[in-house]
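Because the structure is predicted, anything quoted here is derived from the model rather than measured.
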Amino acid sequence: MSQSTNNAKRTIISLSNPKSPISESYRTLRTNISFSAVDNDLKVIMVTSASPGEGKSTTAANIAVTYAQSNYSVLVMELDLRKPTVHKTFNVTNRAGITHVLTNQASLEEVIRATDIPNIDVISSGPIPPNPAELLGSNQLIKVMNGLKQIYDIIIIDTPPLLAVTDAQLVASICDGVILVVDSGQVKRTAAIDAKLKLDRVNAKILGVVLNNVKKKKNDDYYYYYYGEKED
């Protein structure tokens, strides 16, 4: 899969070009997630990476769109309380967000934003707090998640990178599964292994790894178009 490098103007390719090979890859990812949850109630999925800039926010947004296109009610939740981008991706206000709810300054109803994309709502971060880890490790967040699970079919959570801060580990412990995004051209093997170990330490269920920026082989488009576009 490829990724945007401009967080402020991130393009959601599953929305803008749903017939592209990359969009098909995201749909395959959604299908694989569904298969991994045959015997489990998989509602809350966290998307993270080892380091910044590996494509986790792009992946989270595209997964959300593929679920929405299958008529799931989807919530995209920003729990990167240090460098939030979800509000920019989905073009919603960030004046109020989850930090207001976690500090009892607003209700969930007041911070849930409808988007222009059918079936997708967003909760942005709200103001960046001085104590993100404390908020993310709070019982209040667990209560919030339990309430949201009653409303939505699937909740996609964007978090900070695993190796930068402890925030993602705190969130992983209350999610049903985690997708680890790895930029094949950027991240060293040891960093990816360290990221997995951090998830293991909190008993996170790793649903799979998304490998970004993989060099495309000559025949890749041929196989896609044979099955996806061309008629016999």
Nearest-0.5 Å distance, OG of residue Ser173 to CG of residue Asn203: 9.5 Å

Point-to-point distance, once rounded to the nearest 0.5 Å, from OG of Ser34 to CD1 of Ile154: 7.5 Å

Asn212 (side chain) donor-acceptor with Glu54 (main chain) under 3.5 angstrom: yes

Nearest atoms (heavy-atom pairs only) where Thr99 meets Pro127: OG1-O, 3.3 Å

Any side-chain heavy-atom pair of Arg113 and Ile123 under 4.5 Å: no

Close side-chain approach of Ile98 and Val111, heavy atoms under 4.5 Å: no

Asp153 (side chain) donor-acceptor with Tyr72 (main chain) under 3.5 angstrom: no

Arg27 and Ser70, any side-chain heavy atoms less than 4.5 Å apart: no

Min side-chain heavy-atom separation Leu199-Gln169 under 4.5 Å: no

Expected output: side-chain Thr115 to main-chain Ile120 donor-acceptor under 3.5 Å: yes

same_hphob_cluster(Met46, Leu163) at 4.5 Å side-chain heavy-atom cutoff: no

Neighbour count >12 (heavy atoms, 6.0 Å) for atom CG, Asn91: no

Rounded distance [0.5 Å steps], OG in Ser73 versus CG in Asp121: 8.5 Å

Any side-chain heavy-atom pair of Thr103 and Gln140 under 4.5 Å: no

Heavy-atom closest pair, residues Ala168 and Pro160: CB-O, 3.4 Å

Check: Ser124 side chain, Gly97 main-chain N or O, donor-acceptor pair, under 3.5 Å: no

side-chain contact (heavy atoms from CB on, under 4.5 Å) between Leu135 and Leu141, worked out: CA-CA 7 Å; Leu135 292 181; Leu141 180 59; over 6 Å; no

Steps toward side-chain contact (heavy atoms from CB on, under 4.5 Å) verdict (Ile117, Val65): CA-CA 8 Å; Ile117 306 170; Val65 168; 4.2 Å; yes

Check: Ser20 main-chain N/O paired with Glu24 side-chain donor or acceptor under 3.5 Å: no

Heavy-atom side-chain contact between Tyr26 and Thr59 under 4.5 Å: yes

Cluster check Val165, Ile157: I/L/V/M/F/W/Y, side chain < 4.5 angstrom: no

Pair Asp167 + Arg82: basic N to acidic O under 4.0 Å: yes

Option passing side-chain contact (heavy atoms from CB on, under 4.5 Å) with Ile63 (candidates Val74, Ile179, Ile45): Ile179

Over all atoms of both residues, closest heavy-atom pair of Ser51 and Ser49: O-OG, 2.8 Å

Separation of Leu81 CG from Asn131 CG (nearest 0.5 Å): 9.0 Å

Asp80 and Thr159 side chains, donor-acceptor separation under 3.5 Å: no

Thr66-Gln69 side chain donor-acceptor pair, cut-off 3.5 Å: no

Side chain Lys205, main chain Asp176, donor-acceptor under 3.5 Å: no

Interatomic distance, Leu148 atom CG to Ile112 atom CD1 [nearest 0.5 angstrom]: 6.0 Å

Backbone of Pro84 reached by a side-chain donor or acceptor of Glu78 within 3.5 Å: no

Side chain to side chain, Tyr67 and Arg30, heavy atoms closer than 4.5 Å: yes

Least distance between heavy atoms, Leu180 atom then Ala192 atom: CD2-O, 4.4 Å

Thr48, Asp183, Asp158 screened by side-chain hydrogen bond (donor to acceptor under 3.5 Å, both in side chains) with Lys56, the one that passes: Asp158

Ser23 side chain vs Ile13 backbone, donor-acceptor pair below 3.5 Å: yes

Val76 vs Phe90 side-chain heavy atoms within contact, under 4.5 Å: yes

Shared hydrophobic cluster for Val209 and Val171 (ILVMFWY, side-chain gaps under 4.5 Å): yes

Heavy-atom closest pair, residues Pro161 and Ala50: CB-O, 3.5 Å

Reported CD1-to-CD1 distance for the pair Ile142 and Ile174, which is rounded to 0.5 angstrom: 6.0 Å

Same cluster (ILVMFWY, side-chain, under 4.5 Å), Val202 and Ile206: no

Single-linkage hydrophobic cluster Leu136~Leu108, side-chain heavy atoms < 4.5 angstrom: yes

Where Ala204 and Val178 come nearest, the two heavy atoms and their spacing: CB-CG2, 4.0 Å

CA sep, side-chain torsions, deciding dist, call: Ile12, Thr58, side-chain contact (heavy atoms from CB on, under 4.5 Å): CA-CA 7 Å; Ile12 306 176; Thr58 299; over 6 Å; no

Ser14 backbone acceptor or donor facing Asn62 side chain under 3.5 Å: yes

Salt-bridge present (Lys196, Asp200; N to O < 4.0 Å): yes

Sidechain-backbone polar pair: Ser184 side chain, Asn213 backbone, donor-acceptor under 3.5 Å: yes

Evaluation steps, side-chain contact (heavy atoms from CB on, under 4.5 Å), between Asn94 and Ser125: CA-CA 7 Å; Asn94 194 30; Ser125 68; 3.3 Å; yes

